[in-house]
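Following: one structure in structure tokens, then a few remarks.
Order of appearance sets the numbers: ligands from 1, and atoms from 1 within every ligand.
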Amino acid sequence: MAAFRVLAAPASLRRGPSPTPRLATLTRMSTALKTRILAAALSLLAALPLAQAQPAPARPFAPPPACHAVTPPTCAVAGALGRGINLGNMLEAPREGDWGVRLEPAYIDQVAGVFSTVRVPVRWSNHAAATADAKLDETFAGRVDQVVDALLAKGVYVIIDMHHYNQLSGDTLHPNESPVDAAVMEQRLVSMWRQIALRYRDRSPKLLFELLNEPHGRLNGEPWNRLAAQALAAVRASNPTRTVLIGPGEWNGVGELARLKLPPDRNLIVSIHNYDPFNFTHQGVDYLAKPFPTGTPCCDATQRQAIVTALETARQWSVANGYPLFLGEFGAYEAADLKSRETYTRIVRDEAERRGIPWAYWEFASTFGAYSPKKGGWVEPIRRALLD
Ligand code: GLC
């Protein structure tokens with residue numbers, strides 16, 4: 001484990017200390033000894049790759065494109081979210097473990113050691129009463145408390161969302177997911193947020209709430225604008241100023257930003273997701289209605305343009321509307337070739353960062369994973385594309 005922590009540390013921490021201060025201690029030694037030590041040090045330095053001897057300039061992470069619709073603290077949060085990761089397929093599986101991964105305590109150390117933000121997808125809806133009051137299951141909520149508190153103790157930003165409340169968007173339910181009466185399903189979202197917000201109201205401002213992952217289908221457009229306003233009001237009853245994330249319909253697609261009408265509130269960040277080019281990122285994925293064949297590489301000029309266009313559309317929307325952005329999901333499935341996944345990941349990361357868009361990779365230790373639980377280590381090409 002320790003070896004991976006060193007490997008995973010940011011490049012700036014992995015470079016050894018500058019040799020200059022050590023020269024001072026040489027003044028008390030004999031000339032012959034000094035010469036020998038100096039010669040050894042110089043040959044050692046010469047053997048180091050140039051990049052290690054001379055730190056590469058840090059890549060610029062631009063400030064948020066705009067903040068005129070939000071408060072200075074929320075603008076500061078947007079500026080600090082930086083690089084993040086999703087602990088996906090864990091707490092948003094119908095039951096933790098159903099999708100092959102559990103949120104292990106060691107994962108918290110792994111991700112908090114190298115990312116500044118951790119998004120924790122949570123399937124609250126399957127752990128709450130089927131009635132309008134949606135009383136949360138205390139054992140499950142306690143489990144989320146553990147994760148939230150362990151992450152906050154590490155000093156990272158933590159985003160908890162409402163993930164896979166599938167019925168709301170009109171989707172078929174997953175195995176082990178319980179249906180509810182359609183007449184109460186929207187009220188349940190509001191009731192769950194009322195409880196979650198109360199539960200965490202005294203936590204650090206580094207804990208952020210995201211009202212709903214990827215609204216789509218029957219929620220697109222006005223239904224989501226209305227429901228988001230109600231859910232936000234439930235949060236605001238106990239958390240008047242905590243930063244909240246809201247994303248547009250069509251799976252948080254940038255094409256839907258134009259239809260997103262945000263409630264009057266100055267502590268919002270707008271969350272977008274992007275998986276373009278989709279036939280590359282989702283090749284071989286079996287949960288799509290029409291699976292894509294494998295064998296598609298990335299990234300030629302057209303594919304790169306698709307990525308740039310999506311992020312640039314979002315940036316321009318931000319400039320025009322004054323809300324900072326968060327790219328809450330992007331990533332490529334494990335069936336794509338690893339070299340292409342690395343190229344894709346680096347392009348999205350670079351294009352987002354140069355536009356001042358903080359991000360969270362989808363995801364840590366499952367089928368899009370940046371980390372391999374089987375090998376007990378990072379998938380190195382993905383790790384370096386994200387962090388080096
Ligand atoms: C969305 C889904 C998640 C899926 C990912 C990639 O976030 O909520 O379950 O794995 O996209 O398809």
Under a 3.5 Å threshold, yes or no: a donor from one side chain and an acceptor from the other, between [X] and [Y]?
{"X": "Asp137", "Y": "His127", "answer": "no"}
{"X": "His174", "Y": "Arg123", "answer": "yes"}
{"X": "Asn166", "Y": "Glu177", "answer": "yes"}

Just say parallel, tilted or perpendicular for the rings of [X] and [Y], cut-offs at 30° and 60°.
{"X": "Tyr275", "Y": "His273", "result": "perpendicular"}
{"X": "His282", "Y": "Tyr287", "result": "perpendicular"}
{"X": "Trp251", "Y": "His216", "result": "parallel"}

Identify the protein heavy atom lying closest to [atom], giving its residue, its atom name and the separation to 0.1 Å.
{"atom": "atom 11 (O) of ligand 1", "result": "Glu329 OE1, 3.3 Å"}
{"atom": "atom 3 (C) of ligand 1", "result": "Trp362 CZ2, 3.6 Å"}
{"atom": "atom 9 (O) of ligand 1", "result": "His164 NE2, 3.0 Å"}
{"atom": "atom 6 (C) of ligand 1", "result": "Tyr287 OH, 3.2 Å"}
{"atom": "atom 8 (O) of ligand 1", "result": "His163 NE2, 2.8 Å"}

Exercise. Quick one: does ligand 1 sit under 4.0 Å from the side chain of Glu363, the backbone, both or neither, non-hydrogen atoms only?
Worked result: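 None of Glu363 does.
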Problem set entry | Proximity flag Tyr333 to ligand 1, non-hydrogen atoms under 4.0 Å |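 No, that is not the case, since the closest heavy atom of the residue is not under 4.0 Å from the ligand.
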Contact check: [X] vs ligand 1, nitrogen or oxygen atoms, below 3.5 angstrom:
{"X": "Trp99", "result": "no"}
{"X": "His282", "result": "yes"}
{"X": "Glu92", "result": "no"}
{"X": "His273", "result": "no"}

For this session: May I ask you to list the atoms of ligand 1 that are less than 4.0 angstrom from any heavy atom of Asn213?
Result: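 That gives atoms 7 (O), 8 (O) of ligand 1.
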Problem set entry | Element-labelled atoms of ligand 1 that are located less than 4.0 Å from some non-hydrogen atom of Glu214 |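 Result: 1 (C), 2 (C), 7 (O), 8 (O), 11 (O).
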Problem set entry | Qualifying residue, where the test is side chain to side chain contact (heavy atoms under 4.5 Å, CB included) with Val147 and the options are Asp145, Asp149, Leu151 |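 Result: among Asp145, Asp149, Leu151, Leu151 is the only option passing the side chain to side chain contact (heavy atoms under 4.5 Å, CB included) with Val147.
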Exercise. Which of these, Val158, Asp202, Ile159, sits in a side chain to side chain contact (heavy atoms under 4.5 Å, CB included) with Leu207?
Worked result: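 Answer after filtering Val158, Asp202, Ile159: Val158.
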